[in-house]
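For reference, the structure is listed below as structure tokens.
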2 protein chains.
Amino acid sequence: MDKASLKDLHMLVEHVGPLHAGDHVFREGDPFEAIAAVRAGTVKTYIVDREGREHVLGFHLPGEVIGLNAIDGETYPCNAVALDTVMLCRFSFPRISVLATRVPGLQQHLFRLMSRDIGNAALLAGDWSADQRMASFLIGLSRRLAARGFSADRFQLTMARTDIANYLRLAPETVSRVLKRFQDDGLLKVDRRELELAARDKLEALAAPVLRL
Amino acid sequence: MDKASLKDLHMLVEHVGPLHAGDHVFREGDPFEAIAAVRAGTVKTYIVDREGREHVLGFHLPGEVIGLNAIDGETYPCNAVALDTVMLCRFSFPRISVLATRVPGLQQHLFRLMSRDIGNAALLAGDWSADQRMASFLIGLSRRLAARGFSADRFQLTMARTDIANYLRLAPETVSRVLKRFQDDGLLKVDRRELELAARDKLEALAAPVLRL
DNA sequence: CGATAGGTTGACGGTTCTCAAGGGAGGTGG
DNA sequence: CCACCTCCCTTGAGAACCGTCAACCTATCG
């Protein structure tokens, strides 16, 4: 992307935050105007079904983009809430679309982001065991954190057990039990929300079929 | 979209087919060059995991586009196979990308298609009962067929029970049993692959939480 | 007519959910 | 500083749903 385009992109960015744990970035039904990139913190996207159950669509770390599933529609189809202190860059979608017609690299980037989301959504949709799902969650998180310069083997969970459960389609009790068993088997050290991947290779092996490696 | 743009679009279309049941449109690992719109028939996209199990990503009817999940990558991440006699329009992706920069309506259309796929992938990912999943599959199929001018209440399944099972993350036996129970309860009339939705309202009610209505 | 693939049905077992109760950390107010 | 409260998490017992295994059935086709 050339200098002028970067400047254009800079022009339509709106910096948002800090948001604090529990603050919503947007809610289901809000008019869709913008996508947003996480700059710091963790954002959880989720919906509540008519039976009152929460379904977590994803956890979004710094560098990741939220709101792409809202493009097809007038309103956001889900909620987005900060799990800790969050900083965002907000991009007006009509404006970034126009810019994308002038900057092919930007268009391509958006295409790829969306394409990746389609693939990711399909991964966890498979029918995996609780162990496989938990391992793939942990390995996925670890890799994404490592890619952003954080430690790959030792990190804090920013989400509650219940959030993990609603993301992995498990009962919170099952999340608790799997984590305990992983710890008993030496795969993991767990202390409240602090995690250490003690046997990364074994976790990778469990996660491999889910992550398609 | 104006006349000249339509002509441009026409220029980069390649008509493919007829393909016959079992013919592959593309396979996992093939170099990604093009997306394709189904013109006639049904295409199944699927992957085979390292445990040898097949995961069906979707069934694609006339008017629907396949290959969008391949944009982020050099190769197709899944297989696409014809379930019956299939006609396709193939669009070179590099060329349609370039065209999209000149035709904002086309860019917007592609964005929306991809956004919709992200949402759809998330829907079936929830933890629904076998009954809810089957009902939402049938209602979804019925609606998509109706939107294309086919009968909404009476149609032929183009896919095997096993395919439905691998799509819904159920055992084939469970698919068989649920269909039988739906028939016994008067929701459905099933004769091999021919279906009649006898109590659409009850099926809709079952499917509602999944389809978010 | 036999072979084969796809579909159905039944019995059984396992993984995970539900329900219920019991910790433990962190915050608040006395 | 400590009691108390609340939220989150853990642990246990039992049940339910669905998967697995096995047998059988029924079209279709050579």
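In what follows, chains carry the letters A, B, and so on, assigned in the order in which the sequence lines appear, proteins first and then strands, with residues in each chain numbered from 1.
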With the threshold set at 4.0 Å, does a side-chain nitrogen-carboxylate oxygen contact exist between A:Arg39 and A:Glu64?
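No, no charged N to carboxylate O under 4.0 Å.
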
May I have the distance from [X] (atom [atom1]) to [N] (atom [atom2]), rounded to whole angstrom?
X        : N      : atom1 : atom2 : answer
B:Leu170 : D:dT20 : CG    : C1'   : 14 Å
A:Leu179 : D:dT11 : CG    : C1'   : 14 Å
A:Asp127 : C:dT16 : CG    : C1'   : 14 Å
B:Trp128 : D:dC17 : CH2   : C1'   : 17 Å
B:Arg192 : C:dA5  : CZ    : C1'   : 10 Å
B:Arg181 : C:dT8  : CZ    : C1'   : 15 Å
B:Leu83  : C:dG6  : CG    : C1'   : 14 Å
B:Glu173 : D:dC25 : CD    : P     : 17 Å

Between A:Glu204 and A:Arg143, is a salt bridge (Lys or Arg N to Asp or Glu O under 4.0 Å) present by the stated rule, with each step listed?
CA-CA 11 Å; A:Glu204 296 260 12; A:Arg143 288 189 189 161; 2.6 Å; yes

May I ask you to say what A:Arg169 touches in the nucleic acid, namely base, sugar-phosphate or nothing, with a heavy-atom cut-off under 4.0 Å?
sugar-phosphate

At under 4.0 Å between heavy atoms, what does B:Ala171 touch on the DNA or RNA strands: base, sugar-phosphate, or nothing?
base

Flag the pair B:Phe93 / A:Phe111 as yes when their ring centroid distance falls below 6.0 Å, and as no otherwise.
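Distance test on ring centres: under 6.0 Å, yes.
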
Strictly below 4.0 Å: does [X] bring a side-chain N or O up to OP1 or OP2 of [N]?
X        : N      : result
A:Arg177 : D:dT11 : no
B:Arg193 : C:dG6  : no
A:Thr174 : C:dC17 : yes
B:Lys180 : C:dT9  : yes

Cation-pi geometry met for B:Arg212 and B:Trp128 (6.0 Å, 45°)
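Verdict for B:Trp128: no cation-pi partner in B:Arg212.
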
Quick check: does any side chain N or O of A:Ser136 sit under 3.5 Å from a backbone N or O of A:Gln132, one acting as donor and the other as acceptor?
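It does hold such a pair.
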
